[in-house]
There are 2 protein chains.
Amino acid sequence: MRYTPEHKDKTRQRLLDAGGAIAKKDGFGTTGVDSLMASVGLTSGAFYAHFRSKGALLEAIVDNELGRSIEVFGQQSHERMLQTLDNYLSLAHVEHPELGCALPCLSPEIARAGEHTRQVFEQRLLQLLEAMRPHTGDDSKTWSIVSQVVGAVMLARAMDNKDCRQALLQAVKQQIMLLLPATGPAASVRSDSSRASPPAHKE
Amino acid sequence: MRYTPEHKDKTRQRLLDAGGAIAKKDGFGTTGVDSLMASVGLTSGAFYAHFRSKGALLEAIVDNELGRSIEVFGQQSHERMLQTLDNYLSLAHVEHPELGCALPCLSPEIARAGEHTRQVFEQRLLQLLEAMRPHTGDDSKTWSIVSQVVGAVMLARAMDNKDCRQALLQAVKQQIMLLLPATGPAASVRSDSSRASPPAHKE
DNA sequence: GTCTATAGGTAGATAGAC
DNA sequence: GTCTATCTACCTATAGAC
């Protein structure tokens with residue numbers, strides 16, 4: 001064969017990353033297979049050597065994107081987790097969905113997808129819950145924080161005015177700081193999110 | 001003329017209601033003008049007598065849907081507001097997006113829409129904030145609650161298992177009850193959302 | 001105001017050459 | 001594995017009859 005299996009794996013991964021970025025920015029349903037393939041320098045005919053259908057790509061993107069989000073929230077100090085939350089609730093994250101978390105972008109489309117895609121989503125979301133629990137104390141608080149940051153970023157993106165967006169983000173940030181246990185030495189409320197901060201992941 | 005202006009207004013309103021329901025259930029971008037018009041018993045050619053473009057319809061749907069949400073949250077007793085929150089975080093609401101709030105369904109599509117559509121959205125969302133403030137005390141708590149319930153319903157819909165969905169909803173409900181001032185006599189935590197409860201609005 | 005018909009474009013998916 | 005070409009279906013929007 002002219003192409004190695006390693007090459008196929010690399011192409012598939014590039015498709016997941018580039019496709020995920022496009023889906024987060026422009027929506028998955030409204031983006032054609034042609035555009036997705038063009039983003040990795042290929043044509044639409046080659047798509048079906050990697051995925052059985054467009055829906056199968058969405059499923060793989062969900063798995064890939066949320067897998068990365070779990071890595072970001074797990075395995076880090078309390079202070080770094082606070083920093084991650086601060087970045088999540090930043091204007092930079094709101095303005096650059098293609099670099100950020102998939103949850104505020106793709107959840108409604110996943111909700112309309114098939115049963116198996118929703119099962120993959122659910123499994124990943126429960127893993128995210130586990131990864132965050134050590135930092136929050138209990139499941140109830142964790143679900144509250146996750147719902148809150150996802151909802152806030154999504155609503156901020158649908159707004160138009162920068163100050164309104166910032167007001168929402170700062171308000172939610174404040175409430176979450178009140179919710180978190182003050183265990184670490186860095187548990188004080190920081191609100192200087194005006195500095196240049198990278199989005200939630202993909203550093 | 002063969003049709004009265006009243007008839008046109010009625011047709012337009014039917015289009016907003018039926019179109020809003022379809023958009024919340026199936027997504028706006030992925031639904032064709034043909035389907036939208038068929039839902040009110042007309043054909044696609046007649047659409048452009050009511051809206052300049054499909055994007056103009058989204059803008060009108062946003063205004064119509066959020067206007068109704070504001071009515072639901074404003075002008076009611078503290079106890080009725082708690083009931084509304086309970087309905088919002090119910091499985092019934094999660095399972096019937098077409099009857100519920102537009103925020104967890106359409107926000108990502110609004111975020112990708114034009115500036116003017118986002119301005120309409122922003123104005124309505126700020127009105128919702130005002131309507132809820134008397135029940136919550138301050139803006140920060142209100143933003144927190146709104147972000148939380150919207151995020152929770154959206155994430156629950158993207159899950160597959162009913163118990164997982166319910167666990168998320170109940171967790172968020174619990175945290176919100178801790179957040180609300182215990183002013184009214186009905187400020188105790190109720191968790192019996194298993195009863196048949198109508199979704200957030202459209203009773 | 002609503003219809004049918006249609007323009008002009010793009011969608012997801014397949015076939016066969018290389 | 002990737003290409004080009006193509007099928008069938010659907011999309012938004014317009015034109016003209018009623």
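The sequence lines fix the lettering, A, B, ..., with proteins before strands; numbering per chain opens at 1. What you are looking at is a predicted structure, and each value in this text was computed from that prediction instead of being measured.
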Enquirer: Please give, in whole Å, the distance from C:dG1 P to B:K8 NZ?
Expert: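 Whole-Å distance recorded here is 4 Å.
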Enquirer: What is the bend of the helix from C:dG1-D:dC18 to C:dC18-D:dG1 when you compare the axis at one end with the axis at the other, using five pairs each and rounding to 10°?
Expert: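 Angle reported: 0°, given to the nearest ten degrees.
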Enquirer: Given atom CE of B:M37 and atom P of D:dC11, what is their separation to the nearest angstrom?
Expert: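 These atoms are roughly 14 Å apart.
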Enquirer: Side chain to side chain donor-acceptor pair (under 3.5 Å) with A:D9: which residues, sequence neighbours excluded?
Expert: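 Per chain and number, A:D9 pairs via side chain to side chain donor-acceptor pair (under 3.5 Å) with no residue.
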Enquirer: What residue pairs, at least two apart or across chains, pass salt bridge (charged side-chain N to carboxylate O under 4.0 Å, His left out) with a residue in residues 129-142 of chain B?
Expert: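 For residues 129-142 of chain B, and leaving out neighbouring residues, the salt bridge (charged side-chain N to carboxylate O under 4.0 Å, His left out) pairs sorted by first residue read B:R133-B:D139.
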Enquirer: Considering only heavy atoms, which members of residues 56-63 of chain A lie under 4.0 Å from some atom of DNA chain C?
Expert: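 None, since no heavy atom is under 4.0 Å.
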Enquirer: Check the distance between C:dG1's P and B:Y3's OH and give it to me in whole angstrom.
Expert: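 Whole-Å distance recorded here is 9 Å.
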Enquirer: Report, one line per pair, each donor and acceptor closer than 3.5 Å where one atom sits in a side chain of residues 26-51 of chain B; sequence neighbours left out.
Expert:
from	atom 1	to	atom 2	distance (Å)
B:T30	OG1	B:D26	O	2.8
B:T31	OG1	B:G27	O	2.7
B:S39	OG	B:L36	O	2.6

Enquirer: Over how many whole Å does the gap from B:F51 atom CZ to C:dG1 atom P extend?
Expert: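 B:F51 atom CZ is separated from C:dG1 atom P by 12 Å.
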Enquirer: Using only side-chain N and O atoms of A:T43, determine if any of them is under 4.0 Å from OP1 or OP2 of D:dT2.
Expert: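 So the side chain of A:T43 is outside the cut-off, no N or O lying under 4.0 Å from OP1 or OP2 of D:dT2.
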Enquirer: Between protein and nucleotides 11-18 of chain C, map the contacts as a letter string: B base, S sugar-phosphate only, - none, heavy atoms under 4.0 Å, written 5' to 3'.
Expert: SSBB---B
Enquirer: With a cut-off of 3.5 Å and sequence neighbours excluded, list every side-chain donor-acceptor pair involving residues 144-163 of chain B.
Expert:
from	atom 1	to	atom 2	distance (Å)
B:S144	OG	A:Q148	OE1	2.5
B:S147	OG	B:W143	O	2.9
B:Q148	OE1	A:S144	OG	2.5
B:Q148	NE2	B:S144	O	3.4
B:R157	NE	B:V94	O	3.1
B:R157	NH2	B:H93	O	2.9
B:D160	OD1	A:R118	NH2	3.0
B:D160	OD2	A:Q119	NE2	3.4
B:N161	OD1	B:D163	N	2.7
B:N161	OD1	B:C164	N	3.1

Enquirer: B:R124: which residues meet the salt bridge (charged side-chain N to carboxylate O under 4.0 Å, His left out) condition with it, sequence neighbours left out?
Expert: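 Expected list: B:D63.
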Enquirer: Evaluate the criterion side-chain hydrogen bond (donor to acceptor under 3.5 Å, both in side chains) for residue pair B:K173 and B:Q170; output intermediate values, then yes/no.
Expert: CA-CA 5 Å; B:K173 204 176 293 184; B:Q170 288 297 112; 3.2 Å; yes
Enquirer: Would you please name every residue forming a side chain to side chain donor-acceptor pair (under 3.5 Å) with B:E59, sequence neighbours left out?
Expert: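 B:E59 satisfies side chain to side chain donor-acceptor pair (under 3.5 Å) with B:H116, B:T117 once adjacent residues are dropped.
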Enquirer: Rounded at 0.5 Å granularity, tell me how far CG in B:L179 sits from CD in B:Q175.
Expert: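 If I round to the nearest 0.5 Å, the distance is 8.5 Å.
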Enquirer: When the distance from NZ of B:K10 to C1' of C:dG1 is rounded to whole Å, what number comes out?
Expert: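 Computing the B:K10:NZ to C:dG1:C1' distance gives 16 Å.
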Enquirer: Restricting to side chain to side chain donor-acceptor pair (under 3.5 Å), what partner residues turn up for B:E95, sequence neighbours left out?
Expert: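 So B:E95 forms no side chain to side chain donor-acceptor pair (under 3.5 Å) with any residue.
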Enquirer: Let me have the donor-acceptor pairs involving side chains of residues 99-106 of chain A, under 3.5 Å, with sequence neighbours excluded, atom names and distances please.
Expert:
none

Enquirer: Under the side chain to side chain donor-acceptor pair (under 3.5 Å) test, which residues partner B:H7, sequence neighbours left out?
Expert: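 For B:H7 there are no side chain to side chain donor-acceptor pair (under 3.5 Å) partners, ignoring immediate neighbours.
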Enquirer: Rounded to whole Å, please give me the gap between NE2 in A:H50 and P in D:dG1.
Expert: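 It works out to 7 Å between those atoms.
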